[in-house]
S.K.: 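Encoded as structure tokens, here's the structure I'll be asking about.
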Amino acid sequence: DNVVGYINIFANKSILVTNLGSIQSDIKLNIPGMSQQNAVYSGTVKSDKFDLGALLKIKDLGPITLDAKVTGRSFDPMLAQVNLNANIPQLVYRNYPYQNIHADGLLEKNKFDGKVLVDDPNLALGFYGSLDFSDTLLKINATANLLNSNFKNLLLTKDELTAAGDVDLNWTGTNIDNFLGYVRLYNINVIRNGHHLDLDSIYVRSAVDERNQKLVTIESNALTASVQGNYQLSKLPNSVIYYLSGYLPNYIEAPTTYTPNQNITFNIVTRQVDSLLGILVPSIKGFNDATITGALNTDLQQLSLDAKVPWGEVGNVKMKNISVSGDGNFRLLGLNAEAEKLSIGDSIINGSVSVTTTLGSDSLLFNIATNSPNAYGTATINGRALANGDSLYLTFMQSEFYVGGDKWQIANGSNIIFSDKYLNVNNLSLNSGGQSIVANSESTAASAPINIVIDNLAVGELAKVAGLDNFETDGRINGSVQLIN
């Protein structure tokens with residue numbers, strides 16, 4: 001340390017050396033009449049690769065190289081004015097060394113007004129605005145210009161992702177639960193793995209309506225959405241998990257942390273959302289012009305969902321004219337789903353599908369009806385599934401399916417147990433006229449082999465299913481097969 005002057009006016013030069021790095025300071029201070037209200041000060045602060053993350057105990061934050069100038073007056077928070085001009089040649093975040101950061105602003109009466117500029121090879125950004133700490137809730141009024149960014153080079157994503165755009169923000173609040181105001185993103189240009197996001201702008205607004213309920217609305221050329229009610233968004237995942245734990249208590253554990261009552265209704269109408277899905281979830285396509293509405297009231301134990309989708313594709317599953325409706329309380333959920341056309345890759349399932357289920361207490365009652373124009377994949381399957389530990393117990397009620405022109409029936413009471421380590425079958429009986437296939441495990445032991453008895457099975461129909469119908473095949477198969485677990 002090197003201190004020169006008097007108690008009310010002095011200059012100080014110092015170097016602080018620690019295991020985190022070094023900091024140099026050169027400060028001048030004048031306190032007329034020893035009054036903190038009239039204090040005047042100026043100086044510089046420098047650091048070279050000082051480990052700011054270790055000091056602040058922020059894992060993702062690394063060393064900082066800093067050259068800052070500070071001028072100001074008064075130590076009284078209501079009178080203080082502090083001008084900050086900082087150059088940051090390097091700041092490490094998530095192992096990436098951001099370069100050429102400049103911050104310039106004025107801190108006055110618990111308000112900050114300034115700008116931050118970043119001129120990094122993989123990030124060009126300008127932020128201009130004000131932060132108001134003078135009230136209970138933080139107020140932000142700012143604009144930002146993202147000229148370019150490369151998220152993969154910034155070590156933020158594994159995929160190739162570049163983005164540019166502008167932001168207009170007017171926000172009051174300290175967290176996602178109490179924020180009010182709006183955020184507008186425009187001039188958006190996002191490309192992921194060569195896929196361009198066709199999105200002009202996004203406008204998000206949060207307000208309180210005449211019934212003192214929070215209303216969040218989203219507008220864009222991809223979709224419009226609204227979320228209304230008395231809810232806490234930060235706690236919503238826990239509340240949903242708590243609700244779902246009533247349906248599958250052995251698999252979904254109820255949260256041990258606070259789960260407030262949620263009363264929320266939502267409405268989503270998609271427009272051209274396919275481009276957005278191509279950026280966020282490339283395996284999902286379509287879902288344009290869809291409507292999704294629903295409500296959750298945990299206090300009254302009410303859950304409802306209604307969705308209509310003209311077309312959608314998930315992986316190799318393609319669907320057309322989908323409708324889904326569901327209603328439930330804390331213990332039971334009834335769900336109905338229909339698709340005018342469903343196809344799975346190149347499989348024989350290619351037709352309409354209807355599913356009716358009731359879920360509760362780890363048990364699922366189901367009715368699945370499919371209709372395929374060529375009769376392959378046409379079926380009506382009824383049954384009950386019960387989950388317990390690592391096992392799924394499947395019991396069929398009277399069911400039927402078609403293979404070519406033959407109608408096959410699954411006998412009532414056929415049972416299958418699926419486990420991580422074994423498969424157990426009890427009286428699985430398939431019959432079609434004089435044809436039959438019956439499967440049974442030799443015992444209930446996990447390692448018990450499965451015996452299959454085949455009686456009078458038509459070879460010609462099997463050939464058609466296998467795509468060998470160009471060959472003239474005929475005959476019957478009789479015999480037995482043993483499967484070893």
Side-chain angles (χ1 to χ4, degrees), residues 1-58 61-93 98-119 125-144 169-174 181:
D1 282 342
N2 183 4
V3 181
V4 178
Y6 303 94
I7 192 172
N8 63 332
I9 179 171
F10 63 87
N12 172 259
K13 291 184 178 181
S14 63
I15 300 177
L16 176 64
V17 180
T18 72
N19 60 344
L20 301 179
S22 62
I23 298 177
Q24 302 178 43
S25 64
D26 185 353
I27 300 173
K28 297 178 181 179
L29 178 62
N30 185 0
I31 312 177
M34 295 304 293
S35 171
Q36 67 172 357
Q37 295 181 350
N38 299 323
V40 179
Y41 42 88
S42 63
T44 60
V45 178
K46 298 180 180 181
S47 71
D48 184 18
K49 298 181 179 178
F50 181 81
D51 197 342
L52 184 63
L55 178 66
L56 301 178
K57 297 181 179 179
I58 300 176
L61 188 61
I64 182 173
T65 298
L66 171 71
D67 185 356
K69 296 179 181 179
V70 179
T71 61
R73 65 178 181 85
S74 185
F75 292 125
D76 186 334
M78 298 307 298
L79 300 175
Q81 289 183 337
V82 181
N83 286 283
L84 172 67
N85 188 301
N87 286 310
I88 305 173
Q90 188 178 93
L91 173 64
V92 177
Y93 180 73
Y98 290 82
Q99 303 174 32
N100 303 325
I101 304 172
H102 178 77
D104 189 2
L106 171 66
L107 180 62
E108 180 181 18
K109 296 181 181 179
N110 292 322
K111 298 178 183 179
F112 176 80
D113 192 359
K115 63 182 180 181
V116 177
L117 304 176
V118 181
D119 186 17
L125 171 69
F127 175 88
Y128 315 87
S130 63
L131 307 177
D132 188 346
F133 308 92
S134 61
D135 206 345
T136 305
L137 298 178
L138 171 66
K139 297 179 181 178
I140 305 176
N141 192 339
T143 59
L169 171 66
N170 193 328
W171 175 305
T172 299
T174 56

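Every heavy atom of this structure was used, including side-chain atoms; hydrogens, water molecules and symmetry mates were not.
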S.K.: Donor-acceptor pairs under 3.5 angstrom involving side-chain atoms of residues 105-116: please list them, not counting sequence neighbours.
M.R.:
| unit_1 | atom_1 | unit_2 | atom_2 | d |
| --- | --- | --- | --- | --- |
| E108 | OE2 | Q81 | NE2 | 2.5 |

S.K.: Are K69 and L84 close enough that some pair of their side-chain heavy atoms sits under 4.5 Å apart?
M.R.: no
S.K.: Is the side chain of T71 donor-acceptor paired with the backbone N or O of G43 at a distance under 3.5 Å, no angle test?
M.R.: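 No: the side chain of T71 does not pair with the backbone of G43.
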S.K.: List in chain and number order the residues that pass ring pair (Phe, Tyr, Trp, His ring centres under 6.0 Å) with F127, two or more places apart in sequence or in another chain; answer none if no residue qualifies.
M.R.: none
S.K.: Looking at residues at least two apart in the chain, or sitting in another chain, which of them share a side chain to side chain contact (heavy atoms under 4.5 Å, CB included) with N38?
M.R.: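 Partners of N38 under the side chain to side chain contact (heavy atoms under 4.5 Å, CB included) test: P32, S35.
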S.K.: In Å and rounded to the nearest 0.5 Å, what is the CD1 to OG1 distance from I27 to T44?
M.R.: 8.0 Å
S.K.: Checking S25 now: which residues fulfil side chain to side chain donor-acceptor pair (under 3.5 Å) with it, not counting sequence neighbours?
M.R.: S14
S.K.: Answer yes or no: is there a side-chain heavy-atom contact under 4.5 Å between I31 and L29?
M.R.: yes
S.K.: Check for a donor-acceptor pair, side chain of T18 on one end and backbone N or O of G21 on the other, with a separation under 3.5 Å.
M.R.: yes
S.K.: Name the atoms and distances for all side-chain donor-acceptor pairs under 3.5 Å in residues 132-143, with sequence neighbours left out.
M.R.:
| unit_1 | atom_1 | unit_2 | atom_2 | d |
| --- | --- | --- | --- | --- |
| D132 | OD1 | S134 | N | 2.9 |
| D132 | OD1 | S134 | OG | 2.5 |
| D132 | OD2 | S134 | OG | 3.4 |

S.K.: Hey, could you give me the CG/CD1 distance between L55 and I64, rounded to the nearest 0.5 Å?
M.R.: 11.0 Å
S.K.: Hey, what do you get for CD (Q90) to CD1 (I101), rounding to the nearest 0.5 Å?
M.R.: 9.5 Å
S.K.: What's the spacing between K49 NZ and L20 CG if we round to 0.5 Å?
M.R.: 15.5 Å
S.K.: Check Q99 against V118 and note the closest heavy-atom contact, atom names and distance.
M.R.: O-CG1, 4.2 Å
S.K.: State, yes or no, whether a side-chain contact exists between V70 and S42 at a heavy-atom distance under 4.5 Å.
M.R.: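 When only atoms from C-beta onward are counted, S42 and V70 do not touch, as no gap falls below 4.5 Å.
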S.K.: Any side-chain heavy atom of L91 within less than 4.5 Å of one from L61?
M.R.: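 L91 reaches L61 side chain to side chain.
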S.K.: Can you name the one residue among D67, N100, L66 that meets side chain to side chain contact (heavy atoms under 4.5 Å, CB included) with I88?
M.R.: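 Result: among D67, N100, L66, L66 is the only option passing the side chain to side chain contact (heavy atoms under 4.5 Å, CB included) with I88.
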S.K.: Output the distance between atom OG (S130) and atom CG (N170), rounded to the nearest 0.5 Å.
M.R.: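 Spacing of OG (S130) from CG (N170) equals 8.5 Å.
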S.K.: For D26 and K13, which heavy atoms make the closest approach, and how far apart are they?
M.R.: OD2-CE, 3.3 Å
S.K.: Does Y41 have any ring pair (Phe, Tyr, Trp, His ring centres under 6.0 Å) partners at least two apart in sequence or in another chain, and if so, which?
M.R.: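 Scan of Y41 (ring pair (Phe, Tyr, Trp, His ring centres under 6.0 Å), adjacent residues dropped) gives F75.
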